[in-house]
2 protein chains.
Amino acid sequence: MAFEGKDERTRNVRVEDVAREAGVSPITVSRTLSNPDLVKPETRERVLQAVEKTGYIVNTFASSLRSGRSSLIAMFVSNIENQHVARATRGCADALENSGFHLMMAHTNYSARLEADFVGSVLPLRPAALVFTGIVQAETTRSMIRSRGMAVMEMWDHVDDPMDMLVGFSNVEGGRLMGEHLGASGFRNVAYVGRTNTAGNERLAGFREGLAAAGTEIGFLAPMDGHEPVLIDGAQALRTVMKRFPQCDAIFFSSEILAVGASLEASRLGVIDRIAIAGYGDSPIAEALPVPLTTVHVSSYEMGFRAGKMLLKHLSGETVREKVVILPNELRIRRSTARRSHN
Amino acid sequence: MAFEGKDERTRNVRVEDVAREAGVSPITVSRTLSNPDLVKPETRERVLQAVEKTGYIVNTFASSLRSGRSSLIAMFVSNIENQHVARATRGCADALENSGFHLMMAHTNYSARLEADFVGSVLPLRPAALVFTGIVQAETTRSMIRSRGMAVMEMWDHVDDPMDMLVGFSNVEGGRLMGEHLGASGFRNVAYVGRTNTAGNERLAGFREGLAAAGTEIGFLAPMDGHEPVLIDGAQALRTVMKRFPQCDAIFFSSEILAVGASLEASRLGVIDRIAIAGYGDSPIAEALPVPLTTVHVSSYEMGFRAGKMLLKHLSGETVREKVVILPNELRIRRSTARRSHN
DNA sequence: ATGAAAGCGCTAACAG
DNA sequence: CTGTTAGCGCTTTCAT
């Protein structure tokens, strides 16, 4: 037999092969690649040449198995088609660039069940950390994660009991800013359209506070707690409000896409100068609309980026002192809520 | 000493522990979990109970190392903030759901250098496949991939020499459909605004063909080959065209966001009824604009989904007969290109 | 249907 | 600064 063991051509190149080529031991090859400072320059040079010559690529399965370290970070994304989520995801990915970590991505579609399924399916890969574009909902998921003692990063909302690290926004504050603005601008027949649960509920509560500070309150409330809203829902909602609350002079939509849809519809119906419209999120189109949209600016990219950096710091062994970061909301006042002459 | 070896509380649960608990050998535990049919029902039951009791979770590093199989798929995303890319990514993720594969994501930001870097950084993880939301540009990257013999899926464009599998669209066809439509509608002073390289160049070539079929041609060409375009660029481009090509009666934008920006600007300037505007991509907002936008519909979600399914089929060992799929483009004719009275 | 032995490829721990 | 030994946890292969 000409061959011992496997066919030479299909066998992977291993540290051993590189070591032989360079005339050193396997561990020296390993050190050269992961901790070059521990190796004498000349040796290092020889090893690197041997690596080059053999085309060696380390096998992460073996190295992670032995070292107990994982370069994988599991990211749970609610809905990547949502622009804010996409931006946050990108921010996080950018923060992790060149860190040696790799991002795995799973879509939860806002479902606690899918989230739990994915967490379970990812545990065998021993991720170094779990990142969520939201708050971990199910208690069973939380305890499953806790029992494994992995780093956890939650994002988006501001909650009092994050699992570990959190970078988010205060929806209450955002809502309040908008309430104060509309109240101070003299609007007195104000409608709220949007979610009334989770984050929506907080925006609503803040909005009420803000209006109250100006001595007014919500005159009409249209809850939209079903599917993830689309543009056309905003147009529809505008018509509903006009019909059921004819004296309406301002509408606060808890989601930007609804506000954009309503704004376009209002332009089309010629009522854009009669009804103030405000959104939440500040998408690029807000500023480009025929009547630019007043909205609460949310820095989703920065949120993701800071979450990524904080995680990296934590994973590198440094103590993260501020484990919860609440980024400020900023009101972007544009023409859609300009004071009307008849107020 | 009360302890042998590691502290019992920190040691991972291994197959061995489950085996002891169930009174079987480690390999039976392994088989129960990955190939239950080979195990007698009663034994299986006992093993599963032992798994439950011990909280055992398989270690993928060990199992992949031994078996040589990887559950990782590396996906290279040009820009997740682009709605089409996001949709394609989601389609692909959905296709892979419950397949046992895990998606790793890297941003290439349309950069061949970053793409090459990431491919290199991912090889140690021995991914089962590489997926690109585009065509692999650099020849060195191509050969690096080929030498490792991994499954490759490219997407988006239609090229003659894909690395292996491809799901894409014909940009030439999309451009031609639009050219034919504008030509047949009687527009005779037509401008093209957008990319003139890669995909843009194909759309442009097709557009020219389509116009020629109606006996006309491009009257003004505004190349935009710099940064990824944003809404405001479309507004800017509209003004440029109006100034430099005053007789213009129709503009084809090779990218949807430019068309949307131009449409909104045209509404604002009151010229929306004088200049036809057409886009490429069909974003949700196209239909909701004050003057709904004529555009080429691109089924990005379906593209991603089919790519994912095809990959899965290939990875399961089935022969994929059609390795290249070109999805049809569909013209969505809306009011923005309605025939003008003065034509 | 189940088990014993071996080894995937690497690096921690210790030794020199 | 470099090497030796051992073992991370699993599943392949072969045996029964």
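Lettering follows sequence order; numbering is per chain, from 1. Bear in mind that the values here come from a model prediction, so they are computed numbers and not experimental data.
- Arg126(B) places its CZ atom 12 Å from the C1' atom of dC8(C), with the value rounded to the nearest Å.
- If you take CD of Glu42(B) and P of dA1(C), they are 11 Å apart, rounded to a whole angstrom.
- Looking at Arg90(A) and Asn109(B), their side chains do bring a donor and an acceptor atom within 3.5 Å of each other.
- Looking at residues two or more places apart in sequence or on another chain, you find a side chain to side chain contact (heavy atoms under 4.5 Å, CB included) between Ser121(A) and Phe118(A), His102(B).
- Although no hydrogens or angles enter the test, the distance criterion places a donor-acceptor pair under 3.5 Å between the side chain of Arg44(B) and the main chain of Pro36(B).
- For dG9(C), one of the phosphate oxygens OP1 or OP2 lies less than 4.0 angstrom from a side-chain nitrogen or oxygen of Asn12(A).
- Between the side chains of Asp94(A) and Tyr301(A), at least one donor-acceptor pair of N or O atoms lies under 3.5 Å.
- Using a 4.0 Å cutoff on non-hydrogen atoms, the parts of residues 52-59 of chain A near DNA chain C are Tyr56(A), Val58(A), Asn59(A), ordered by number.
- Results of the side-chain contact (heavy atoms from CB on, under 4.5 Å) test with Val131(A) over Met104(A), Met105(A), Met155(A) single out Met155(A) as the only residue that passes.
- Between the C1' atom of dA12(C) and the CG atom of Leu65(A) lies a distance of 12 Å, rounded to the nearest Å.
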Give every donor-acceptor pair under 3.5 Å between a side-chain atom in residues 303-326 of chain A and any protein atom, sequence neighbours left out.
residue   : atom : partner   : partner atom : Å
Lys309(A) : NZ   : Ala95(A)  : O            : 3.3
Ser316(A) : OG   : Lys313(A) : O            : 2.8
Lys323(A) : NZ   : Asp164(A) : OD1          : 2.5

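- When atom types are taken as modelled, the side chain of Ser111(B) and the backbone of Leu114(B) share a donor-acceptor pair closer than 3.5 angstrom.
- Distances shown here put a side-chain N or O of Ser30(B) below 4.0 Å from the OP1 or OP2 atom of dT11(D).
- A side-chain contact (heavy atoms from CB on, under 4.5 Å) with Met153(B) is found for exactly one of Val167(B), Thr133(B), Leu130(B), namely Val167(B).
- Taking atom CG of Asp17(B) as the reference point, atom P of dG9(D) lies 9 Å away to the nearest angstrom.
- The CZ-C1' distance, from Phe61(A) to dT11(C), rounds to 17 Å in whole Å.
- Salt bridge status for Glu16(B) with Arg20(B): present, with a side-chain N to carboxylate O gap under 4.0 Å.
- Annotation: salt bridge (Lys or Arg N to Asp or Glu O under 4.0 Å) contacts involving residues 144-160 of chain A, sequence neighbours excluded, comprise Glu139(A)-Arg146(A), Arg142(A)-Glu154(A).
- Ring pair Trp156(A)/His84(A) is perpendicular by interplanar angle, where above 60° counts as perpendicular and below 30° as parallel.
- Contact annotation for Arg69(B): backbone-only contact, meaning every heavy-atom pair under 4.0 Å involves sugar-phosphate atoms and none involves a base.
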Map every base of DNA chain D to its dot-bracket character, where paired means a Watson-Crick or G-U wobble contact with both distances under 3.5 Å and | marks a partner outside the strand.
||||||||||||||||
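- Atom CD of Glu16(A) is separated from atom P of dG7(C) by 12 Å (rounded to the nearest Å).
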Just the table, please: protein N/O against nucleotides 2-5 of chain C N/O, every pair under 3.5 Å.
residue : atom : partner  : partner atom : Å
dT2(C)  : OP1  : Thr43(B) : OG1          : 2.4
dT2(C)  : OP2  : Lys40(B) : N            : 2.9
dG3(C)  : OP2  : Ser25(B) : N            : 3.0
dG3(C)  : OP2  : Ser25(B) : OG           : 3.0
dG3(C)  : OP2  : Thr28(B) : OG1          : 2.6
dG3(C)  : N7   : Arg31(B) : NH2          : 2.8

